[in-house]
K.L.:
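Here it is, the structure in full.
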Amino acid sequence: MHDINAIRQDPDAFDAALSTRGVAPCAAELLGLDDGRRAAIAEAQQLQTKRNEASKKIGQAKGQGDEAEAKRLMDEVAGLKDALQKAEEAERAANTALTDALATIPNLPLADVPVGADEDGNVELRRHGEPKAGSAEHFEIGEALGMMDFEIAAALSGSRFVVLRDGLARLDRALGNFMIDLHINEFGYRENALPVLVRDDAVFGTGQLPKFTEDLFRTENGYWLIPTAEVTLTNLVREQITDATKLPMRLTALTPCFRSEAGSAGRDTRGMIRQHQFTKVELVSITDAESGADELERKTQCAEEVLKRLGLPYRVMQLCTGDMGFGARKTYDLEVWLPGQNAYREISSISYCGDFQGRRMNARYRHEGDKQTHFVHTLNGSGLAVGRTLVAVLENYVNADGTVTVPEVLRPYMGGVEIIGEANG
RNA sequence: GGAGGGGUGGCUGAGUGGUUGAAAGCGGCGGUCUUGAAAACCGUUGAGCGUUUACGCGUUCCGGGGGUUCGAAUCCCUCCCCCUCCGCCA
């Protein structure tokens, strides 16, 4: 959600920034709605003042037992009621119109974000590790091991689901535990166990609603299944004034995520890359206005560290203006090397949202002794997507005989198993 | 799922139609006193929005939304949440 006052101060800058995302100029329209809104407020308030004064006098007259005077005053303001109701109705309508318009406009990119139309405009910032030569694809490896079953998953649930067994089921669990332990033990994140079903307000707060309903699953009685724990973690501070001494808050959770993948028909149909359900370790930070941008760099390093310790080659991309998500002001993607595809594939996306989500959630903070409140700044990032990490481990660690070596750091989480596909793995 | 009871400011808790943004207490902040602190005493202490160069003025908010009324924390409708008992249940 944008600040209409900021738009009023510099409408041209607003439109210019939006245009880098391919959004048509809309400041003029917004300011028109805002003028209407403020006129309606002024009108309603004037009438309210009149009414309040009259009511006060009536109260006084009644208090003194002067019924005749009270009656005279009541007759005097009788006509006010209708006008007031109309004015208040107009105020509500004008407010809604502006809010609705603002709610569907994406966030503004930071000034240092490269301008571009789509993913071709993204900029590679750095690489880590040596990409290996091609391997089998992860689903070939998994199916050969007899531990990855798309057929039975389809029978249960349809396409874009998978059943993992034995060593791979355990590897999946080990990956999630390893990641979350790293973040809570070494990077100061606090672990949360959270609902995966949430209501409208929460999903509006992080920006998936009202625009992106098709991407989400919804229960019959109106709950949304979270597409990412960003929704639940970020909304933990909604509708509150947080003491600034508690910032930055660094929050993490290991949860399942649910995505309808509407509109991605035909893409990544084979394998575990794009599923309706996957587990992910999410990293959210709640910061003040000053430290948000720095926190993005820190969070990116936290996510990178997971890949480093797993020994997976990757590169860091900075997304251009046209490829960033709705709520982001600046985004880094981590792309892991997949020998099976001979390509880098996204495994984490880390974004700084400024106060965009803070406004939508009415989440504020205050410095000690200050009267002024500010909207919190928020960041989110995957640290990492567990399913895709499993894919990367399979393709990077597969052996010539089809078994898979377990990365060293995961072995404590695997009960000491070193090779998946051998007798005890 | 059935029956009942509740949601008031940072907290506790009064308030069932009239100058109530809201008593009182606690907490917080400032001051007096004190070498300092405590105690005591005095004062102060919610969040938005509109308007104004500013001081200020106005307005909204007592779980959310709508309504009745000249006037609503108080009455009505509706939704949400919490608690107790019963039922069911991992």
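First the proteins, then the strands, lettered A, B, ... as listed; each starts at 1.
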K.L.:
Please state whether the phosphate of U59(B), meaning OP1 or OP2, lies under 4.0 angstrom from any side-chain nitrogen or oxygen of N52(A).
P.N.:
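For U59(B), OP1/OP2 do have a side-chain N/O of N52(A) under 4.0 Å.
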K.L.:
If we take the C1' atom in both G46(B) and G21(B), what is their distance in whole Å?
P.N.:
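Between the two C1' atoms, the distance is 9 Å.
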K.L.:
With nearest nucleotide decided by heavy atoms, which residue, I4(A) or L84(A), maps closer to the 5′ end of RNA chain B?
P.N.:
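Its nearest nucleotide lies further toward 5', so the answer is I4(A).
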K.L.:
Can a salt bridge be assigned to the pair D149(A) and R165(A) using a cut-off of 4.0 Å between side-chain N and carboxylate O?
P.N.:
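Yes, D149(A) and R165(A) are salt-bridged.
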K.L.:
Determine the interatomic distance between C1' on U84(B) and the same-named atom on U69(B); round to the nearest Å.
P.N.:
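About 36 Å, rounded to a whole number of Å.
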K.L.:
Measure from NZ on K56(A) to C1' on G18(B) and round the result to the nearest Å.
P.N.:
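Taking atom C1' of G18(B) as the reference, NZ of K56(A) is at 11 Å.
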K.L.:
For C88(B), give the paired nucleotide (Watson-Crick: N1-N3 plus N6-O4 or O6-N4; G-U: N1-O2 and O6-N3; both under 3.5 Å), or none.
P.N.:
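WC or wobble partner does not exist here.
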K.L.:
Please identify which of these residues, V284(A), L236(A), T255(A), meets the side-chain contact (heavy atoms from CB on, under 4.5 Å) condition with N192(A).
P.N.:
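Option passing the side-chain contact (heavy atoms from CB on, under 4.5 Å) with N192(A): L236(A).
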K.L.:
Quick check: closest heavy atoms across C26(A) and L18(A), and the distance to 0.1 Å?
P.N.:
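Of all heavy-atom pairs spanning C26(A) and L18(A), the closest is SG-CD1, 3.7 Å.
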K.L.:
Given A47(B), U19(B), U68(B), identify the nucleotide with an atom nearest to the side chain of T373(A).
P.N.:
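Out of A47(B), U19(B), U68(B), the nucleotide with an atom closest to T373(A)'s side chain is A47(B).
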K.L.:
What is the distance from CD of Q240(A) to P of G9(B), rounded to the nearest Å?
P.N.:
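The distance from CD of Q240(A) to P of G9(B) comes to 14 Å, rounded to the nearest Å.
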K.L.:
Taking A39(B) as the reference, what is the distance to G30(B) when you measure between their P atoms (whole Å, please)?
P.N.:
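To the nearest whole Å, 15 Å.
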K.L.:
Has K81(A) got a side-chain N or O lying under 4.0 Å from the OP1 or OP2 atom of C70(B)?
P.N.:
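True: K81(A) side-chain N/O within range (under 4.0 Å) of C70(B) OP1/OP2.
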K.L.:
Should E88(A) and R92(A) count as an ion pair when the cut-off is N to O under 4.0 Å?
P.N.:
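Looking at E88(A) and R92(A), the cut-off is not met.
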K.L.:
Using a cut-off of strictly less than 4.0 Å, decide whether R366(A) has a side-chain nitrogen or oxygen near OP1 or OP2 of A47(B).
P.N.:
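For R366(A), the contact criterion (side-chain N or O under 4.0 Å from OP1 or OP2 of A47(B)) is met.
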K.L.:
Write down the atom of R238(A), the atom of D201(A), and the distance for their closest heavy-atom approach.
P.N.:
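Heavy atoms only, the tightest pair is NH2-O, 2.9 Å.
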K.L.:
Are the aromatic rings of F258(A) and F278(A) close, with centres under 6.0 Å apart?
P.N.:
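Not close enough - the centres of the two rings lie 6.0 Å or further apart.
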K.L.:
Separation of L47(A) atom CG from G58(B) atom P, in whole Å?
P.N.:
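After rounding, the gap between these two atoms is 16 Å.
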K.L.:
Expressed as a whole number of Å, how far does the C1' atom of G9(B) sit from that of G15(B)?
P.N.:
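After rounding to an integer number of Å, I get 14 Å for this pair.
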K.L.:
Between U20(B) and A14(B), how far is it from one C1' atom to the other, in whole Å?
P.N.:
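Going atom to atom, C1' in each nucleotide, I get 12 Å.
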K.L.:
With a 4.0 Å heavy-atom cut-off, tell me which residues in residues 29-46 of chain A come close to RNA chain B, sorted by residue number.
P.N.:
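Only R37(A), R38(A), I41(A), Q45(A) qualify.
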K.L.:
Looking across every strand, which nucleic acid part, if any, lies under 4.0 Å from Q48(A) by heavy atom: base, sugar-phosphate, or nothing?
P.N.:
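Sugar-phosphate contact only.
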K.L.:
Looking only at side chains, do N380(A) and Y352(A) share a donor and an acceptor under 3.5 Å apart?
P.N.:
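Per modelled atom types, N380(A) and Y352(A) side chains form no pair under 3.5 Å.
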K.L.:
Of all the heavy-atom pairs spanning I184(A) and R190(A), show the shortest one and how long it is.
P.N.:
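Heavy atoms only, the tightest pair is CG2-C, 4.4 Å.
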K.L.:
Hey, which of these two, K62(A) or N5(A), hits RNA chain B nearer its 5' end, going by closest nucleotide?
P.N.:
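Upstream on the strand: K62(A).
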K.L.:
Quick one: does any side-chain atom of T403(A) pair with a main-chain N or O of G421(A) as donor and acceptor, under 3.5 Å?
P.N.:
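Checking the backbone N and O of G421(A) against the side chain of T403(A), no donor-acceptor pair under 3.5 Å is found.
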K.L.:
In whole Å, what separates the P atom of C41(B) from that of C26(B)?
P.N.:
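Between the two P atoms, the distance is 9 Å.
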K.L.:
Is R72(A) paired with D75(A) through a side-chain N to carboxylate O contact shorter than 4.0 Å?
P.N.:
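No.
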K.L.:
Using both distances under 3.5 Å as the test, list the Watson-Crick or G-U wobble partner of G18(B), or none.
P.N.:
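Partner of G18(B): C70(B).
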K.L.:
Consider the side chain of R199(A), meaning its heavy atoms from C-beta on, and name the nucleotide among U59(B), U19(B), C80(B) that approaches it most closely.
P.N.:
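Closest nucleotide among those given: C80(B).
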K.L.:
Nearest-Å distance, CG (D82(A)) to C1' (G71(B))?
P.N.:
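The distance from CG of D82(A) to C1' of G71(B) comes to 17 Å, rounded to the nearest Å.
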K.L.:
Take atom CG of N362(A) and atom P of C49(B), then tell me their distance rounded to the nearest Å.
P.N.:
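From N362(A) CG to C49(B) P: 10 Å.
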K.L.:
Under 4.0 Å between a side-chain N or O of R51(A) and OP1 or OP2 of U60(B)?
P.N.:
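The answer is yes; a side-chain N or O of R51(A) sits under 4.0 Å from OP1 or OP2.
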K.L.:
From the options C80(B), G50(B), U19(B), select the nucleotide whose nearest atom is closest to the side chain of Q60(A).
P.N.:
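The answer is U19(B), which lies nearest to the side chain.
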K.L.:
Kindly give the heavy-atom pair with the smallest separation between Y189(A) and C302(A), and that separation in Å.
P.N.:
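Looks like CE1-SG, 4.0 Å.
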K.L.:
Only pairs with both distances under 3.5 Å count, Watson-Crick or wobble alike; so what is the partner of G30(B) in this structure?
P.N.:
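Result: C42(B).
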K.L.:
Which whole number of Å gives the distance between the P atom of A73(B) and that of G63(B)?
P.N.:
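It comes out at 10 Å once rounded to the nearest Å.
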K.L.:
From CG of L80(A) over to P of U59(B), roughly how many Å is that when rounded to an integer?
P.N.:
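The answer, rounded to whole Å, is 13 Å.
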K.L.:
Aromatic contact between H2(A) and F14(A), with the criterion being ring centroids under 6.0 Å apart: yes or no?
P.N.:
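Yes, ring centres under 6.0 Å apart.
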K.L.:
Could you tell me the separation between the CD1 atom of I241(A) and the P atom of G9(B), rounded to a whole number of Å?
P.N.:
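The answer, rounded to whole Å, is 13 Å.
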K.L.:
Taking the P atom of each, how far is A22(B) from C57(B), in whole Å?
P.N.:
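Rounded to whole Å, the distance is 14 Å.
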K.L.:
Separation of K71(A) atom NZ from G71(B) atom P, in whole Å?
P.N.:
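K71(A) atom NZ is separated from G71(B) atom P by 15 Å.
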K.L.:
Could you list by number each residue of residues 88-96 of chain A showing a heavy-atom separation from RNA chain B of less than 4.0 Å, or answer none if no residue does?
P.N.:
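Heavy-atom contacts with RNA chain B come from R92(A).
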K.L.:
So what's U12(B) paired with, Watson-Crick or G-U wobble, going by both distances under 3.5 Å?
P.N.:
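Across all strands, the one nucleotide that pairs with U12(B) is A24(B).
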K.L.:
What is the pairing partner of U51(B), taking Watson-Crick or G-U wobble pairs with both distances under 3.5 Å in any strand?
P.N.:
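G56(B) is the nucleotide pairing with U51(B).
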